[in-house]
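Some notes on the structure that comes next.
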Amino acid sequence: MSYNKKNTNNAVSEDINIIHIDVLDGIRAIAVFIVVWFHIWQQSWLMPIVNTPALSFLNINSINLDWLPRTGYIMVTMMIFLSGFCLFLPYARHEHKLGELPKTSTFFRKRVARILPSYLFCIIVVLIYNLATHQYTAPTYAMHGDSTFMFKDLFTHLTFTFNLFKDVSTNTLLNGVLWTVALEVQFYIIFPAIQSFFRKKPILTYIIMNAISFTFIIYARKNGDNSFLLHQLPSYLGVYANGFVGAWIFVGIAKKIKRDNLIGMISTITSLFCIYVYYLMMQDLCSAQSINGWQMHNRYFLSVLFMIFILSTCFSLSWYRKIFSNAFMRFMSTISFNFYIWHQFLTIAFKKNRIPYFEGDTPPNELNPQDKVWMWTFMLLCFAASFAAAIIATYGIEKPCSKLIMNLKRKTHSGKTAGK
């Protein structure tokens with residue numbers, strides 16, 4: 001939906017869509033891709049360093065992008081920020097009198113339709129694989145002597161609580177990357193109450209959310225168990241809060257201005273500057289003594305940077321927005337959830353089963369010299385298999401099941417209406 005500023009004082013320009021913000025498709029897809037690249041890089045060790053002899057006259061002998069996958073886990077913060085932004089966007093529209101207040105029942109139904117089918121399908125497939133290959137009883141597995149661990153692993157995954165238990169979050173065989181899904185579901189449960197408080201008392205709610213986040217982070221740093229506490233919901237409340245603020249600011253600006261070349265140019269420069277600042281921060285992270293400590297200290301500031309980046313990108317010049325909003329990015333955004341939840345399991349399974357095949361006990365990427373052919377083959381296979389799994393799971397499981405879940409409400413409502 002778009003609004004024409006000439007027709008009503010409360011409307012936005014006709015070229016600013018506040019229902020679907022197109023650039024978010026590409027930003028989400030890129031964020032997920034970088035996280036996936038990080039996990040595949042962990043197993044392949046293939047460094048993205050390109051020699052550039054043609055640029056030697058500029059004193060540029062190589063282009064080193066190693067920092068990008070090496071710090072790829074930081075994009076989880078971007079994913080969390082985007083979640084907060086998109087979750088609160090319809091409520092922000094309502095507060096600016098540009099949309100209806102969403103029903104809580106509809107909110108939960110949409111979350112179930114979006115998350116549950118792909119999530120359960122992944123757990124079922126991974127569990128069958130683990131049972132078929134005796135992963136839980138393998139002598140090399142840390143929990144092989146605990147006969148009840150598999151049931152705890154399964155139960156906590158089915159209840160979206162496995163990230164709350166240190167033994168499970170550390171040793172799970174049911175796909176470790178699902179911790180972000182568990183965290184998101186935990187936030188979904190409290191979101192209706194939080195968004196209500198935020199709409200009524202935005203400043204106070206923002207302060208409370210960040211106070212909880214900073215207090216928890218201080219506790220985590222003093223506790224010394226950063227790797228476990230770092231991924232708990234309280235430490236991300238400040239990121240969600242900035243997502244809410246970002247949505248509020250976007251709608252507020254969008255209903256008052258119309259894009260023009262000056263606004264677009266300033267926004268584009270700001271967006272590019274944010275990317276440069278992100279690069280500097282990642283360089284700092286690469287040299288940090290403690291990556292967990294760095295994240296705890298900088299997570300809030302990163303989410304502010306992401307907010308400025310997204311807002312400026314939303315109002316940037318059309319050619320720049322096309323980078324994030326095009327048919328390919330929309331497709332990647334569509335399959336991004338399944339791309340994310342399948343990539344790590346497939347990557348580790350390939351390496352454990354010597355796919356591509358290698359002889360000896362040492363993987364080719366750990367040899368001296370390294371087997372670059374195997375490393376490239378392995379990396380491309382992992383990406384290709386993850387894409388394939390994402391497409392199959394999205395169009396074979398997620399979309400049909402989501403449609404069924406959403407249609408179930410309509411049929412139930414129609415039945416009640418007919419009964420009256």
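The chain is numbered in sequence order, starting from 1.
- Here the side chain of S402 pairs a donor or acceptor atom with the backbone of A113 at under 3.5 angstrom.
- When only modelled atom types and interatomic distance are considered, Q186 and N163 share a side-chain donor-acceptor pair under 3.5 Å.
- Remark: the backbone N or O of K166 is paired with a side-chain donor or acceptor of S169 at under 3.5 angstrom.
- Residues L68 and P48 form no side-chain contact, since every pair of their non-hydrogen atoms from C-beta on lies 4.5 Å or further apart.
- Side-chain atoms of T205 come within 3.5 Å of backbone N or O of F197 as a donor-acceptor pair.
- With hydrogens and angles disregarded, a donor-acceptor distance shorter than 3.5 Å links the side chain of S312 to the backbone of F309.
- With rounding to the nearest 0.5 angstrom, the CD1 atom of I74 is 4.0 Å from the CD atom of Q295.
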* To do: Start with the C-alpha gap between Y91 and F198, add the side-chain angles, then the distance that decides, and say whether ring pair (Phe, Tyr, Trp, His ring centres under 6.0 Å) holds.
  => CA-CA 10 Å; Y91 300 89; F198 195 92; over 10 Å; no

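- When atom types are taken as modelled, the side chain of H94 and the backbone of G99 share a donor-acceptor pair closer than 3.5 angstrom.
- Considering CD1 of I34 and CE of M79, their distance stands at 11.0 Å, rounded to 0.5 Å.
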* Does the side chain to side chain donor-acceptor pair (under 3.5 Å) test come out yes or no for S271 and S316, once each step is laid out? -> CA-CA 8 Å; S271 178; S316 60; over 6 Å; no

* **side chain to side chain contact (heavy atoms under 4.5 Å, CB included) between D25 and F324, intermediate numbers included** => CA-CA 7 Å; D25 291 333; F324 305 96; over 6 Å; no

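- Within a 6.0 Å radius of CZ in F108, other residues, nucleotides and ligands contribute more than 12 heavy atoms.
- Looking at R93 and E100, no side-chain N of the basic residue comes within less than 4.0 Å of a carboxylate O on the acidic one, giving no salt bridge.
- Nearest heavy atoms, K351 versus Q43: NZ-O, 2.7 Å.
- Two rings, from F383 and F378, have their centers 6.0 Å or more apart.
- Contacts classified as ring pair (Phe, Tyr, Trp, His ring centres under 6.0 Å) and involving residues 147-171 (residues at least two apart or in different chains) are given here: Y119-F160, H157-F162.
- Note on ring orientation: taking the six-membered ring where Trp is involved, the planes of F187 and Y240 are parallel (angle under 30°, cut-offs 30° and 60°).
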* To do: Evaluate salt bridge (charged side-chain N to carboxylate O under 4.0 Å, His left out) for R111 paired with E184, printing each intermediate quantity in order.
  => CA-CA 10 Å; R111 302 287 79 73; E184 284 274 64; over 6 Å; no

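- Salt bridge annotation for K152-D167: present, with a cationic side-chain nitrogen under 4.0 angstrom from a carboxylate oxygen.
- Looking at R199 and L101, their side chains come closer than 4.5 Å, going by heavy atoms from C-beta outward.
- Rounded to the nearest 0.5 angstrom, C382 SG and H343 NE2 are separated by 10.0 Å.
- Proximity of a side-chain donor or acceptor of W374 to a complementary backbone N or O of P356 within less than 3.5 Å is detected.
- More than 12 heavy atoms of other shown residues, nucleotides or ligands fall within 6.0 angstrom of atom CD in E366.
- When only modelled atom types and interatomic distance are considered, T148 and D146 share a side-chain donor-acceptor pair under 3.5 Å.
- For the side-chain contact (heavy atoms from CB on, under 4.5 Å) test with M78, the passing option among V35, I310, I30 is I310; the others fail.
- Counting only heavy atoms from C-beta outward, the side chains of L404 and P400 never approach each other to under 4.5 Å.
- No side-chain heavy atom of T270 sits under 4.5 Å from any side-chain heavy atom of L311.
- In the displayed structure, I203 atom CD1 is contacted under 6.0 Å by at most 12 heavy atoms of other residues, nucleotides or ligands.
- Nearest heavy-atom pair across R70 and Y73 is O-CE2, 3.2 Å.
- Between M332 and A29 the shortest heavy-atom distance is CB-CB, 3.6 Å.
- Looking at heavy atoms from C-beta onward, N261 lies out of side-chain contact with M265 at the 4.5 angstrom threshold.
- Between Q370 and L367 there is no side-chain heavy-atom pair separated by less than 4.5 Å.
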* Give the C-alpha distance, both sets of side-chain angles, the deciding distance and a yes or no for ring pair (Phe, Tyr, Trp, His ring centres under 6.0 Å) between Y320 and F315. => CA-CA 10 Å; Y320 185 71; F315 299 104; over 10 Å; no

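- A donor atom on one side chain and an acceptor atom on the other are not found under 3.5 Å apart for N51 and S62.
- Under the 3.5 Å distance criterion, with hydrogens and angles disregarded, no donor-acceptor pair is assigned to the side chains of S44 and N365.
- No more than 12 heavy atoms of other residues, nucleotides or ligands shown are found within 6.0 angstrom of NZ on K110.
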* Run the numbers on F387 and F339 for ring pair (Phe, Tyr, Trp, His ring centres under 6.0 Å), then give the verdict. => CA-CA 6 Å; F387 275 121; F339 186 44; 4.6 Å; yes

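- With a 6.0 Å radius and a threshold of 12 heavy atoms from other residues, nucleotides or ligands, F331 has its CZ atom above the threshold.
- Between the side chain of T377 and the backbone N or O of V373, at least one donor-acceptor pair lies under 3.5 Å.
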Name every donor-acceptor pair, under 3.5 Å, that has one atom in a side chain of residues 297-308 and the other anywhere in the protein, sequence neighbours excluded.
{"residue": "N298", "atom": "ND2", "partner": "W294", "partner atom": "O", "Å": "2.9"}
{"residue": "R299", "atom": "NH1", "partner": "L230", "partner atom": "O", "Å": "3.2"}
{"residue": "R299", "atom": "NH1", "partner": "S235", "partner atom": "OG", "Å": "2.9"}
{"residue": "R299", "atom": "NH2", "partner": "L230", "partner atom": "O", "Å": "3.3"}
{"residue": "R299", "atom": "NH2", "partner": "Y236", "partner atom": "OH", "Å": "3.1"}
{"residue": "Y300", "atom": "OH", "partner": "Y206", "partner atom": "OH", "Å": "2.7"}
{"residue": "S303", "atom": "OG", "partner": "N242", "partner atom": "ND2", "Å": "2.8"}
{"residue": "S303", "atom": "OG", "partner": "Y300", "partner atom": "O", "Å": "2.6"}

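- A donor-acceptor contact shorter than 3.5 Å is absent between the side chain of S213 and the backbone of N210.
- In this structure, L178 and I123 have side chains that are in contact, with non-hydrogen atoms separated by less than 4.5 Å.
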* Asked: Run the side chain to side chain contact (heavy atoms under 4.5 Å, CB included) check on I194 and F244 step by step: do they pass?
  -> CA-CA 10 Å; I194 292 180; F244 289 7; 3.6 Å; yes

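- Here the CD1-CG distance, from I40 to L46, works out to 11.0 Å after rounding to the nearest 0.5 Å.
- Between K399 and T334 the shortest heavy-atom distance is CE-CG2, 3.6 Å.
- Between the CE atom in M47 and the CH2 atom in W41 there is a gap of 5.5 Å [rounded to 0.5 Å].
- At a threshold of 4.5 Å between non-hydrogen side-chain atoms, the residues Y188 and I115 count as touching.
- Distance OG/S333 to CZ/R28: 4.0 Å, rounded to 0.5 Å.
- Judged purely by atom type and a 3.5 angstrom limit, Y141 uses its side chain to pair as donor or acceptor with the backbone of N171.
- Counting heavy-atom neighbours within 6.0 Å of W67 CH2, excluding the residue itself, gives a total above 12.
- A pairwise comparison of heavy atoms in P69 and F38 identifies O-CD1, 3.0 Å as the closest pair.
- Considering every non-hydrogen atom in both T77 and V239, the closest pair reads O-CG1, 3.7 Å.
- The closest donor-acceptor contact from the side chain of N175 to the backbone of I341 lies under 3.5 Å.
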